Amino acid sequence: MKDLGGQIAYWDSVGATKSFTHPVNPSRLSGVGPTARILDYGCGYGRVMGELSERGFSDVSGVDLSPALIERGRQMTPDLRFAVLESPPTVACAAASFDVVVLFAVLTCVPDDDAQRALVAELSRVLVPGGLLYVSDLLLQDDTRNQHRYSVHVQQFGTPTGSSRRTTVPCAGTTTWHTCVTCSPTST
């Protein structure tokens with residue numbers, strides 16, 4: 001699990017030139033104070049970090065496994081704090097170091113189920129009890145394994161309303177919000 005599924009070569013080459021546009025929904029952070037300690041895991045070049053900073057959050061950090069993306073971020077926004085993940089998914093921080101962890105379009109880049117579980121476990125470790133884990137991701141694959149993942153999600157949280165397949169649900173027993181695109185084997 002050295003680089004969460006063999007992605008480092010891509011993100012340090014072609015991936016480091018991409019622009020990211022995955023949307024941030026500020027209402028998901030409405031109860032979060034401006035001095036909350038926020039970690040953007042898989043921050044890339046810091047686009048989400050920059051948005052959070054512009055919205056008044058003063059303690060935003062980002063980590064990514066790609067040194068090229070981190071360097072790009074440091075050049076673009078030197079006032080933000082970036083770090084390279086030396087041993088993904090491990091974050092070089094003490095337990096309960098962050099009030100909020102954001103994970104935007106990262107799980108889709110981690111194809112292995114065990115690697116995804118290890119990543120979420122690590123984020124739970126660095127998140128304070130009762131903290132906010134804001135996950136937003138994309139359904140990029142409709143293979144059987146991913147259809148099963150999303151159908152389990154639909155069984156647990158229900159189908160999305162309206163014609164949109166995007167849904168936001170609170171995870172049971174936590175203040176965690178999860179935004180995802182849901183899919184079941186019978187979805188069209």
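Bear in mind the structure is a predicted one, so any value in this text is a computation, not a measurement.
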**Student:** What residue pairs, at least two apart or across chains, pass ring-ring contact (aromatic ring centres under 6.0 Å, His included) with a residue in residues 62-89?
**Tutor:** none
**Student:** Just jot down the side chain to side chain donor-acceptor pair (under 3.5 Å) partners of Ser53, sequence neighbours excluded, or say none.
**Tutor:** none
**Student:** I need the Leu103 CG to Leu119 CG distance, nearest 0.5 Å.
**Tutor:** 5.5 Å
**Student:** Roughly how far, to the nearest 0.5 Å, is CG of Asp64 from CD1 of Ile70?
**Tutor:** 5.0 Å
**Student:** For side chain to side chain contact (heavy atoms under 4.5 Å, CB included), just list the numbers for Leu107 and Val135, CA-CA rounded to whole Å, side-chain angles, deciding distance to a tenth of an Å, and then say yes or no.
**Tutor:** CA-CA 9 Å; Leu107 292 176; Val135 176; 4.1 Å; yes
**Student:** Does Met49 share a hydrophobic cluster with Val24, counting links as ILVMFWY side-chain heavy atoms below 4.5 Å and allowing steps through other members?
**Tutor:** yes
**Student:** To the nearest 0.5 Å, what is the distance between CG on Leu132 and CD1 on Ile38?
**Tutor:** 9.0 Å
**Student:** Of all heavy-atom pairs between Ala115 and Asp112, which one has the smallest distance, and what is that distance?
**Tutor:** N-OD2, 2.8 Å
**Student:** Taking all heavy atoms of Cys43 and all of Gly62, pick out the closest pair and write down the distance.
**Tutor:** SG-C, 3.5 Å
**Student:** Could you work out, with salt bridge (Lys or Arg N to Asp or Glu O under 4.0 Å) as the rule, every residue matching Glu71, not counting sequence neighbours?
**Tutor:** none
**Student:** What ring-ring contact (aromatic ring centres under 6.0 Å, His included) pairs are there with at least one residue in residues 50-76, not counting sequence neighbours?
**Tutor:** none
**Student:** Going through the checks in order, is the side-chain hydrogen bond (donor to acceptor under 3.5 Å, both in side chains) test met by Asp79 and Thr77?
**Tutor:** CA-CA 5 Å; Asp79 56 318; Thr77 50; 4.9 Å; no
**Student:** Would you say Val60 ends up clustered with Val84 if hydrophobic residues are merged whenever their side chains have heavy atoms under 4.5 Å apart, either directly or through other cluster members?
**Tutor:** yes
**Student:** Would you please test Val48 and Leu52 for side chain to side chain contact (heavy atoms under 4.5 Å, CB included) and show each step?
**Tutor:** CA-CA 6 Å; Val48 171; Leu52 295 174; 4.1 Å; yes
**Student:** How many angstroms lie between atom CG of Leu80 and atom CG of Asp40, to the nearest 0.5 angstrom?
**Tutor:** 10.0 Å
**Student:** Name the atoms and distances for all side-chain donor-acceptor pairs under 3.5 Å in residues 89-98, with sequence neighbours left out.
**Tutor:**
{"from": "Thr90", "atom 1": "OG1", "to": "Ser87", "atom 2": "O", "distance (Å)": "3.4"}
{"from": "Ser97", "atom 1": "OG", "to": "Ala94", "atom 2": "N", "distance (Å)": "3.3"}
{"from": "Ser97", "atom 1": "OG", "to": "Ala94", "atom 2": "O", "distance (Å)": "2.4"}

**Student:** Only pairs at least two apart or in different chains count here, so list each salt bridge (charged side-chain N to carboxylate O under 4.0 Å, His left out) that has a residue in residues 120-136.
**Tutor:** Glu122-Arg125
**Student:** Flag the pair Tyr41 / Pro88 as yes when at least one side-chain heavy-atom distance between them is below 4.5 Å, and no otherwise.
**Tutor:** yes
**Student:** Is Asp99 reaching over with its side chain to a backbone N or O of Arg37, donor-acceptor style, under 3.5 angstrom?
**Tutor:** yes
**Student:** For Arg81, which residues count as a side chain to side chain donor-acceptor pair (under 3.5 Å) partner, sequence neighbours excluded?
**Tutor:** Asp59, Ser61
**Student:** Between Gln116 and Val110, what is the shortest heavy-atom contact and its length?
**Tutor:** NE2-O, 2.8 Å
**Student:** Run the side chain to side chain donor-acceptor pair (under 3.5 Å) test against Arg55 and tell me which residues pass, sequence neighbours left out.
**Tutor:** none
**Student:** Of all residues at least two apart in sequence or in a different chain, which pass the side chain to side chain donor-acceptor pair (under 3.5 Å) check with Arg74?
**Tutor:** none
**Student:** Can you find a pair of side-chain heavy atoms, one from Tyr134 and one from Leu29, that are under 4.5 Å apart?
**Tutor:** yes
**Student:** Please report the interatomic distance SG(Cys109) to CG(Asp137), rounded to the nearest 0.5 Å.
**Tutor:** 7.5 Å
